[in-house]
**Q** 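First, the structure itself, so that you have it in front of you.
Whatever order the structure lists them in is the order used to number ligands and atoms, beginning at 1. As the structure is a prediction and not an experimental result, all values here were calculated from the model.
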Amino acid sequence: MTFTHRHLLGIEHLRQDEITTLLDLAEDYVTLNRATQKHGDALAGLTQVNMFFENSTRTQASFELAGKRLGADVMNMAMQASSITKGETLIDTAMTLNAMHPDLLVVRHPHSGAVDLLAQKVNCAVLNAGDGRHEHPTQALLDALTIRRAKGRLHRLSIAICGDIAHSRVARSNIILLGKMENRIRLIAPPTLMPAGIGEFGVEVYDDMAEGLKDVDVVMMLRLQRERMDGGFIPSSREYYHRYGLDAAKLAHAKPDAIVMHPGPMNRGVEIDGTLADDINRSVIQDQVEMGVAVRMAAMDLLARNQRALQGGVA
Ligand code: NCD
């Protein structure tokens, strides 16, 4: 088994075989999570602290459940975004926590790079639960597992990522992961929501849904992240939905068996039609949530094994 990292900070640090190792282990946890008795002991005796400096529903719940199912003591710290505007505050908080000897620190922060910085200051394993527009590695991994299960493979697929790409750490982590696994990636967004210099990532860029979705295997929709917008990026929600919102008519341009994904939370009627999102024949949005718990169990399990190995225990 290959996965030698101390932290999970971003997909950019992972090799193809490490991604596969993690997804394979996550498959075991999918099975465990579907059983009546859901307890494993991979994290028994360990302390997991969740520090979310930004609002989160599913990611925080998913990490909490993942830790508890593997036997960790899990603590959620309620962090107020307003109290962390200074860099020192973040480091101070980290040092205070560090003194309590946590083993796993799960961190979400509005600033890109904040989680990496924190990882340099503490002794425990740090998992990035989303930092600014930078990375959201467990989201990309759970998306990868969902795709692999639905399509039977994770390579040579044509995958469209659509919508607010400019503000999306989900898009960034997915572009890196799906690229490493040798897929063909298409980005579809209005020019105002397409990040500059994105061509360097080896992706195809479109501003028209009909063209971009043509014959793709996977359609990944993104939320319009208004909280990260400071100006007029889109004319109106209605106009946006008309041009970029995924509905059955636009989806008809994709392959007949193309799957529909969304990381949540969804703006129904803005980036996606509500009926389509709920259509279990096309939408795998609920599978994504299920895979999220399994992937986070696998990630924390692997990091805990590496931590034990570093401390001289049995890996
Ligand atoms: C995403 C995030 O926080 O980056 N959500 C999530 O983790 N499920 C995407 C989003 O907020 O739109």
**Q** Enumerate the protein residues lying less than 4.0 Å from ligand 1, judged by heavy-atom distances, in chain and residue-number order.
**A**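 Answer by chain and number: Arg58, Thr59, Arg108, His136, Gln139, Arg169, Val170, Arg223, Pro263, Gly264, Pro265.
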
**Q** If you measure from the Lys or Arg side-chain nitrogens to the Asp or Glu carboxylate oxygens, is any gap between Asp208 and Lys214 under 4.0 Å?
**A** no

**Q** Charged N to carboxylate O under 4.0 angstrom, Asp215 versus Arg186?
**A** no

**Q** With sequence neighbours excluded, what pairs up with Asp257 under the salt bridge (Lys or Arg N to Asp or Glu O under 4.0 Å) test?
**A**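 Asp257 satisfies salt bridge (Lys or Arg N to Asp or Glu O under 4.0 Å) with Lys151 once adjacent residues are dropped.
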
**Q** Identify whether Leu193 and Met266 are in the same connected component of the hydrophobic contact network (ILVMFWY, side-chain heavy atoms under 4.5 Å).
**A** yes

**Q** Using distance alone, with no hydrogens and no angle criterion, decide if Gln120 and Asp116 have a side-chain donor and acceptor under 3.5 Å apart.
**A**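 No - no donor-acceptor pair under 3.5 Å links their side chains.
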
**Q** Would Arg296 count as a cation-pi partner of Phe63, with NZ or CZ less than 6.0 Å from the six-membered ring centre and within 45° of the ring normal?
**A** yes

